[in-house]
Amino acid sequence: MDQGGAPPVFSASAEIDGDHLHVVVAGEVDMATADTMLQTALREPAGKITLDLSAVTFFDSAAIHALVRLAQQFPGRLTVRPSRQVRRVLEISGLGGQSWLDPA
């Protein structure tokens with residue numbers, strides 16, 4: 001009998017405060033969900049975006065691609081708060097030193 005339970009459910013929500021968009025993503029960001037993460041971040045016009053990935057449990061190459069596209073669209077205006085798993089994937093992929101990655 002499997003005691004692990006169901007895999008984490010993906011969710012992405014956005015809240016705007018003035019010109020600052022705060023996007024919270026949870027669960028697995030992969031080929032099936034990366035575009036939803038990106039579109040959620042692009043849904044509202046914003047001067048600054050905080051992408052909170054602290055509840056993300058899986059992050060694949062499609063997720064990296066979506067994140068890089070977002071960073072290109074918001075140069076100097078994106079902050080990413082990664083989970084430990086996301087930070088590890090970004091470091092392995094060579095993106096661990098990006099200015100948009102929250103060092104905390």
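Quick note: numbers below take in every heavy atom, side chains included, and nothing from hydrogens, waters or symmetry partners.
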Interatomic distance, [X] atom [atom1] to [Y] atom [atom2] [nearest 0.5 angstrom]:
X: S13; Y: D52; atom1: OG; atom2: CG; value: 9.0 Å
X: I64; Y: R69; atom1: CD1; atom2: CZ; value: 14.5 Å
X: T33; Y: D60; atom1: OG1; atom2: CG; value: 7.5 Å
X: Q85; Y: T57; atom1: CD; atom2: OG1; value: 6.5 Å
X: Q39; Y: L70; atom1: CD; atom2: CG; value: 10.0 Å
X: I16; Y: R43; atom1: CD1; atom2: CZ; value: 12.0 Å

Can you tell if the side chain of [X] reaches within under 4.5 Å of the side chain of [Y], non-hydrogen atoms only?
X: V29; Y: F58; answer: no
X: R81; Y: L51; answer: no
X: V24; Y: L53; answer: no
X: T79; Y: I49; answer: no

Verify same cluster id: M31, L67 (apolar side-chain graph, 4.5 Å)
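Different clusters.
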
Would you say E15 has more than 12 foreign heavy atoms packed within less than 6.0 Å of its CD?
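Open: at most 12 neighbouring heavy atoms sit under 6.0 Å from CD of E15.
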
Just wondering, more than 12 heavy atoms not from H20 lying within 6.0 Å of its NE2?
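Enclosed.
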
On a heavy-atom basis, which atom in [X] and which in [Y] lie closest, and how many Å separate them?
X: L90; Y: S93; result: O-OG, 3.0 Å
X: R77; Y: A46; result: NH1-O, 3.8 Å
X: L78; Y: W100; result: O-CB, 3.1 Å
X: A14; Y: V23; result: CB-CG2, 4.2 Å
X: A66; Y: M37; result: CB-CE, 3.8 Å
X: R87; Y: D102; result: NH2-O, 2.7 Å

Can a donor-acceptor pair be found, under 3.5 Å and without considering hydrogens, that links the side chain of T50 to the backbone of V80?
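A pair under 3.5 Å: no.
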
Out of the candidates V25, V89, V56, only one should pair with S83 under the side-chain contact (heavy atoms from CB on, under 4.5 Å) rule; please name it.
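Going through V25, V89, V56 one by one, the side-chain contact (heavy atoms from CB on, under 4.5 Å) with S83 is satisfied by V56 alone.
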
